[in-house]
Every structure is written in structure tokens, then in C-alpha cells.
Number of protein chains: 2
Amino acid sequence: MTIDREGPVPPYRQIAAALRERIADGTIPPGRRIPSLVELEAEFGAARDTLRKAVQLLKDEGLVETVQGMGIFVVSDRPQND
Amino acid sequence: MTIDREGPVPPYRQIAAALRERIADGTIPPGRRIPSLVELEAEFGAARDTLRKAVQLLKDEGLVETVQGMGIFVVSDRPQND
DNA sequence: CAAAATTTGTACGTATGTATG
DNA sequence: CCATACATACGTACAAATTTT
């Protein structure tokens with residue numbers, strides 16, 4: 001996935017869309033951790049600030065939850081086997 | 001109003017609380033504009049990023065709305081005389 | 001138990017883009 | 001065209017929580 005820096009859609013929204021799709025299609029299943037900010041930074045070639053904005057969108061949508069010191073997790077509507 | 005940088009409450013939350021109070025007590029009435037980010041920067045002595053986080057909280061609460069090029073406005077539940 | 005590594009949270013500063021007046 | 005104001009992006013630094021060594 002590559003970011004289009006010419007078009008009207010800001011990078012942070014493109015990144016959010018990419019992650020949203022991975023969640024929707026099950027690439028990253030409920031309860032699972034999303035790549036860390038450092039990893040996302042490497043993958044998308046965007047600044048931490050930009051990635052945090054993308055993650056914030058998903059948090060606002062209730063798709064993910066962040067836990068300091070642990071990571072970013074896909075929310076599971078139904079409880080998973082822990 | 002002064003920010004306490006020693007306590008556990010981060011500055012952006014203190015600033016949000018200060019603005020929230022001004023809205024609640026009518027100091028800044030519905031429909032009216034809040035001081036610009038530049039003005040808030042001078043008043044609170046905080047960075048732009050910190051102020052934006054404070055405003056974001058109020059936006060999430062539905063207390064204010066931002067309009068690019070115009071400012072940050074207190075939301076009016078009932079329509080005002082425009 | 002202690003130290004280091006990992007990861008998110010917060011803060012600061014700067015630059016550029018976009019919209020409004 | 002210019003000034004004002006918010007939006008986005010980049011980079012850096014340190015704090016706090018968790019996990020690993």
C-alpha cells in the first residue's frame with residue numbers, strides 16, 4: 001500500500017482506510033494487535049504524528065483501542081477466548 | 001488561569017477544562033467564537049499541538065465546532081439569531 | 001528484584017496547505 | 001493580494017505503562 005501525496009485525501013485518512021480494511025476483511029482479527037507505531041512508521045513512511053491521527057480515527061469509530069505500553073488492539077464485539 | 005505542570009493532569013486536559021467552564025458559565029455564549037489558537041497560545045503558554053488536543057476534546061464532547069479559516073465556535077443547541 | 005527494551009501518551013517547534021475575510 | 005485561522009505533516013524529546021531480559 002502506498003500513500004498518494006498528490007490527491008486531496010490526507011495521508012492520515014489513507015492510512016486509516018488501509019487499516020480499517022484490514023480489520024474489515026479479517027486480516028487483523030478482533031482482539032489481535034495492530035503493528036506498533038514504529039512498524040507503521042516504517043511501512044507507510046509517515047511521521048508518528050500522522051499515524052497517531054489515523055489511529056485516533058479508528059478509536060473514534062470504536063474499531064480499535066490503545067493500551068499504553070502494550071499496543072493497539074482490534075476491538076472485539078463479542079468476547080474472545082482469552 | 002495557570003497550568004500546573006507538576007500534577008498528574010496533563011496540560012491539554014487542564015486547558016480543556018478551563019474552556020469548558022467558560023462555556024458552561026456563559027462567559028463564552030453559544031454561537032460565539034473562542035479565542036484563536038494564536039491567542040490561546042499566548043494565554044496558556046502552551047504549544048499549538050497542546051491547544052489543538054484540548055480543542056479536540058471539546059469537539060468530541062460536541063461543545064465546539066471548528067471552521068477552517070474562521071475559528072472555533074461554541075455549539076448552540078438551539079439556533080441563535082444570525 | 002532490577003534493568004533494558006518496547007510501546008503508547010504528551011509536549012514542543014516548525015513548515016506548508018487550505019479556507020475565509 | 002494579503003492577513004487571519006484552522007488543517008495537516010514532519011521531527012524531536014521525554015514520561016508512563018508493560019513486557020522482556
Side-chain angles (χ1 to χ4, degrees), chain A residues 1-20 22-23 28 31-76 82, chain B residues 1-20 22-23 28 31-76 82:
Chain A
M1 192 273 181
T2 313
I3 295 180
D4 172 19
R5 291 176 182 276
E6 310 302 319
V9 181
Y12 83 96
R13 287 189 183 279
Q14 296 181 45
I15 294 169
L19 295 176
R20 198 181 294 116
R22 290 185 205 174
I23 295 170
I28 310 177
R32 190 84 133 272
R33 216 198 61 163
I34 277 181
S36 72
L37 294 178
V38 173
E39 292 169 318
L40 292 174
E41 204 171 343
E43 176 182 350
F44 291 104
R48 200 70 64 88
D49 181 66
T50 304
L51 300 168
R52 293 196 63 82
K53 275 179 187 140
V55 171
Q56 185 59 50
L57 280 185
L58 303 183
K59 282 171 72 174
D60 290 345
E61 296 169 8
L63 281 178
V64 302
E65 286 173 355
T66 57
V67 183
Q68 188 171 359
M70 290 189 67
I72 308 163
F73 299 87
V74 177
V75 171
S76 34
D82 51 333
Chain B
M1 191 276 182
T2 314
I3 295 180
D4 173 18
R5 291 176 183 277
E6 309 302 319
V9 181
Y12 84 95
R13 287 189 184 277
Q14 295 181 45
I15 294 170
L19 295 175
R20 199 181 293 116
R22 290 185 204 173
I23 295 171
I28 310 177
R32 190 84 131 273
R33 216 198 62 164
I34 278 182
S36 72
L37 294 180
V38 173
E39 292 168 317
L40 292 175
E41 203 170 347
E43 175 182 351
F44 292 103
R48 203 67 66 88
D49 181 64
T50 305
L51 299 168
R52 293 196 62 80
K53 276 178 187 142
V55 170
Q56 185 60 51
L57 280 185
L58 303 182
K59 282 170 71 175
D60 289 346
E61 297 168 9
L63 281 179
V64 303
E65 285 173 355
T66 57
V67 183
Q68 189 171 359
M70 290 188 70
I72 309 163
F73 299 87
V74 178
V75 171
S76 33
D82 50 326

Solution key, residues 51-58 of chain B side-chain donor-acceptor pairs under 3.5 Å, sequence neighbours excluded:
from, atom 1, to, atom 2, distance (Å)
B:Lys53, NZ, B:Asp49, OD2, 3.1
B:Gln56, NE2, B:Asp60, OD1, 2.9

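A:Leu58 places its CG atom 15 Å from the C1' atom of C:dT8, with the value rounded to the nearest Å. With rounding to whole Å, B:Lys53 atom NZ is found 15 Å from D:dT8 atom P. A straight line from CD of B:Glu41 to C1' of C:dT14 spans 11 Å, rounded to a whole angstrom. Summarising the geometry, the separation between CD on A:Gln56 and C1' on C:dG9 is reported as 11 Å, rounded to the nearest angstrom.
We find the CG-CG distance between B:Leu40 and B:Leu19 to be 6.0 Å, quoted to the nearest 0.5 Å. Summarising the geometry, atom CZ belonging to B:Arg20 is positioned 12.0 Å from atom CD1 belonging to B:Ile15; distances are rounded to the nearest 0.5 Å. Rounding to the nearest 0.5 angstrom, the gap separating the CZ atom in B:Arg33 from the CD1 atom in B:Ile72 is 8.0 Å.
Under the Watson-Crick or G-U wobble criterion, with both distances below 3.5 Å, C:dC1 is left unpaired in every strand shown.
Mapping B:Gly71 and A:Pro10 onto DNA chain D via the closest heavy atom, the residue that lands nearer the 5' end is B:Gly71.
Contacts between residues 33-40 of chain A and DNA chain D, counted as heavy-atom distances below 4.0 Å, involve no residue at all. Of the residues in residues 42-52 of chain B, B:Arg52 come within less than 4.0 Å of DNA chain D through at least one heavy atom, sorted by number.
B:Ile23 has its side chain within reach of B:Ile34: a pair of non-hydrogen atoms, C-beta onward, lies under 4.5 Å apart.
For the pair B:Arg5 and D:dC14, the criterion of a side-chain N or O lying under 4.0 Å from OP1 or OP2 is not met. In terms of phosphate contacts, A:Thr66 brings no side-chain nitrogen or oxygen within less than 4.0 Å of OP1 or OP2 of C:dT7. Regarding contacts with the backbone of C:dT8, every side-chain N or O of A:Lys59 stays at 4.0 angstrom or more from both OP1 and OP2.
Applying the 6.0 Å contact sphere to CD of B:Glu65 captures no more than 12 heavy atoms from other residues, nucleotides or ligands.
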Any N/O pairs under 3.5 Å between the protein and nucleotides 17-20 of chain C? List them or say none.
from, atom 1, to, atom 2, distance (Å)
C:dG17, N2, B:Gln68, NE2, 3.0
C:dT18, O2, B:Gln68, NE2, 2.6

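Pairs of residues two or more places apart, or lying in two chains, never qualify as side-chain hydrogen bond (donor to acceptor under 3.5 Å, both in side chains) while including a residue from residues 3-15 of chain B.
For A:Glu41, the salt bridge (Lys or Arg N to Asp or Glu O under 4.0 Å) test picks out A:Arg48, with sequence neighbours left out.
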